[in-house]
Amino acid sequence: MMAAALRGSLVTLAKGLSAARLQPLCARSLSLTGQNFVESPPARADSTFKVTMVPGDGVGPELMTAVKDVFKAADVPVEFEEFHLSEVQNMASEEKLEEVLSSMKNNRVAIKGKIHTPMEYKGELASYEMRLRRKLDLFANVVHVNSLPGYSTRHNNLDLVIIREQTEGEYSSLEHESVSGVVECLKIITREKSRRIAKFAFDYATKKGRSKVTAVHKANIMKLADGLFLQSCAELAELYPKIKYETIIIDNCCMQLVQNPYQFDVLVMPNLYGNIIDNLAAGLVGGAGVVPGESYSAEYAVFETGARHPFAQAVGRNIANPTAMLLSASNMLRHINLEYHSNMVSEAVKKVIKQGKVRTSDLGGYASSDEFTRAVIANLAV
C-alpha cells in the first residue's frame, strides 16, 4: 500500500516537472479582437518567433533596417520573413500578394511599412493595402497617442487611444461614373461590423483600465449610415455600465482635440474619420515619426506606424525618424509574449528622446536615422 502511494507521488512529481519545463514554450499572451481575447502565437520549438516583414514604400525599408539592427543588438529571438510589395516600384502582383498573405497567415504576426497607393486609376479601385486588410479581416486599427517624456509640445502628458474600423466605410472601393461627369462613391456601414468595432473598443477600455469611450460620427448629415454606426455603439455601451459612453460629431472632435485633448480617453469611429483623427492626434505629440499603431483581426496582428506616410521626399537622405517603427516593433514583441525584449527596446527609445542629445530633424534635431538607431542600441539594457 505504501509502495503504491510512493509510486503515485513520483508520477505526480514527474508530471509537475514536465509541465514546468514546457511552460516557457507554451506561454501565451491575450490579445484583443472584436469578438474574443485570442491567444498570441506559441513560441517555436527553437525559442524563436517567425514574423512577416513588409517594408513597403518610401522610408519603410530604412525604418525596417533600424528595427533589424536594434533587434540584433538586443538579441531578440525573432526571425523575419521579408517581402517587398509595392504598387509604385513594379513589385506588386497577385502572386506576390498571395505570398505575403500566406506568410502572414502562417506566422499570424507581421510588421509593415506603408504601401503607397498611386492616385491614378489603372482598372483596380482597391489598393494592395486595402486588399491585405480585407483578406486578413484586419478590422480594428489601434493608435495609442502618448506624449514622449522629454519632448515638449503644446499639450504634454497626453494619453488617448484611437480605434478605427478599417474594412468598410468610405474605403469600400465602390465608385462608378453614373453619367459623364458624375461620379458616385458608396460608403458602406453595416450593423455587424459597427457592433464588432464597438465591442472591440469597450473590451479594450475594460482590459486597459480606461474609463470612457467616445463614438465619433457625422450622423447629423449621414443620418442612415452614421446613424447605424451610432446606434450600434449605443447598444454595446449598455453592456458595459462601468465605462462612460459619449458621442461627438467629427468636425467638433477635430477642434476639441486641438483645444483640449485631455477630455478624451478611447475614441471609436468609422474608417475615414479614423484616418483623419490618427494624423491629427499624431501631430499633437510630435508627428508621424513618433506614434506607433497596430491592426487586429480575430486571428492576426499587424504592427505599423500610427500615421501612415511613405515620406517619399526623405528616401535615401537618412533623415527619417525610426521612433514610431521601433515602438511598433516593441508592441509586437509584447504581443508575442516577449515582455523583456519589448521593454528593453521601448525604454531605450524613450531614453534617447528624453536625453535630447540625439534627435532627428522632425523633432528639431540634426541627427540622422542611423545616428538615432545607434543611440538606441547604446541605451539597450542588455
Side-chain angles (χ1 to χ4, degrees), residues 18-33 36-56 60-61 63-85 97-113 115 132-133 135-138 140-142 144 207 292-306 322-349 373 376-377 380-382:
S18 177
R21 283 196 299 271
L22 289 171
Q23 193 174 3
L25 293 179
C26 297
R28 302 288 193 271
S29 67
L30 292 176
S31 303
L32 281 161
T33 73
N36 301 294
F37 293 98
V38 296
E39 294 179 338
S40 296
R44 303 298 194 266
D46 58 358
S47 297
T48 64
F49 290 82
K50 282 192 175 180
V51 171
T52 305
M53 174 180 278
V54 183
L63 300 179
M64 291 304 181
T65 298
V67 170
K68 288 184 284 188
D69 288 348
V70 170
F71 275 28
K72 183 178 179 181
D75 198 24
V76 176
V78 163
E79 177 186 341
F80 290 115
E81 290 182 359
E82 192 167 341
F83 297 89
H84 292 276
L85 185 66
L97 181 63
E98 287 305 317
E99 284 180 19
V100 174
L101 285 168
S102 177
S103 175
M104 286 181 169
K105 287 177 180 178
N106 286 335
N107 298 329
R108 292 170 55 191
V109 178
I111 185 168
K112 64 178 281 295
I115 301 172
L132 272 176
R133 289 180 209 160
K135 286 181 179 290
L136 295 174
D137 196 26
L138 296 166
N141 177 242
V142 180
H144 186 182
K207 182 172 185 269
E294 53 226 51
S295 296
Y296 294 104
S297 73
E299 298 179 74
Y300 313 113
V302 176
F303 295 82
E304 55 200 332
T305 55
T323 298
M325 194 63 81
L326 288 173
L327 292 177
S328 296
S330 169
N331 291 340
M332 179 196 74
L333 294 178
R334 184 170 292 107
H335 175 77
I336 58 178
N337 222 23
L338 294 174
E339 286 280 348
Y340 172 77
H341 295 90
S342 170
N343 292 333
M344 187 194 307
V345 172
S346 63
E347 289 304 315
V349 172
T373 303
V376 170
I377 291 172
L380 289 170
V382 182

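One is the number of the first residue; the rest follow in order along the sequence.
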Using side chain to side chain donor-acceptor pair (under 3.5 Å), reason through E81 and S103 one step at a time and then give a plain yes or no. CA-CA 8 Å; E81 290 182 359; S103 175; 2.6 Å; yes

With a 4.5 Å heavy-atom cut-off, do P292 and H144 have their side chains touching? no

Note: R108 and K105 closest approach over all heavy atoms is CG-O, 3.6 Å

Taking the side chain as every heavy atom from C-beta outward, state whether I336 and V78 have any atom pair closer than 4.5 Å. yes

Tightest non-hydrogen contact, residues V67 and A329, listed as CG1-CB, 4.0 Å

Inter-residue atom distance E99.CD - T52.OG1, 0.5 Å rounding: 11.5 Å

Determine the minimum heavy-atom distance between M53 and K68, stating which atoms define it. CE-CG, 3.9 Å

Testing the basics here: between H341 and D75, what is the closest heavy-atom pair and its distance to 0.1 Å? NE2-O, 3.4 Å

Student check: side-chain heavy atoms of D69 and I377 closer than 4.5 Å: yes

Donor-acceptor contact below 3.5 Å, side chain S330 vs main chain S342: yes

So E294 and R334, salt bridge (charged side-chain N to carboxylate O under 4.0 Å, His left out) or not? Walk me through it. CA-CA 12 Å; E294 53 226 51; R334 184 170 292 107; over 6 Å; no

For residues F49 and L338, determine if any side-chain heavy atom of one lies less than 4.5 Å from a side-chain heavy atom of the other. yes

Between V100 and L85, the two heavy atoms sitting closest are CG2-CD2, 4.4 Å

Passes side chain to side chain contact (heavy atoms under 4.5 Å, CB included), I111 versus V51? Steps please. CA-CA 7 Å; I111 185 168; V51 171; 4.3 Å; yes

Using the ring of each side chain (for Trp, its six-membered ring), is F303 parallel, tilted or perpendicular to Y296, with breaks at 30° and 60°? perpendicular

If I compare all heavy atoms of K135 with all of L101, which pair ends up nearest, and what's the gap? CD-CD1, 3.1 Å

Judged by atom type as modelled, is there a donor-acceptor pair below 3.5 Å linking the side chain of S328 to the main-chain atoms of E304? yes

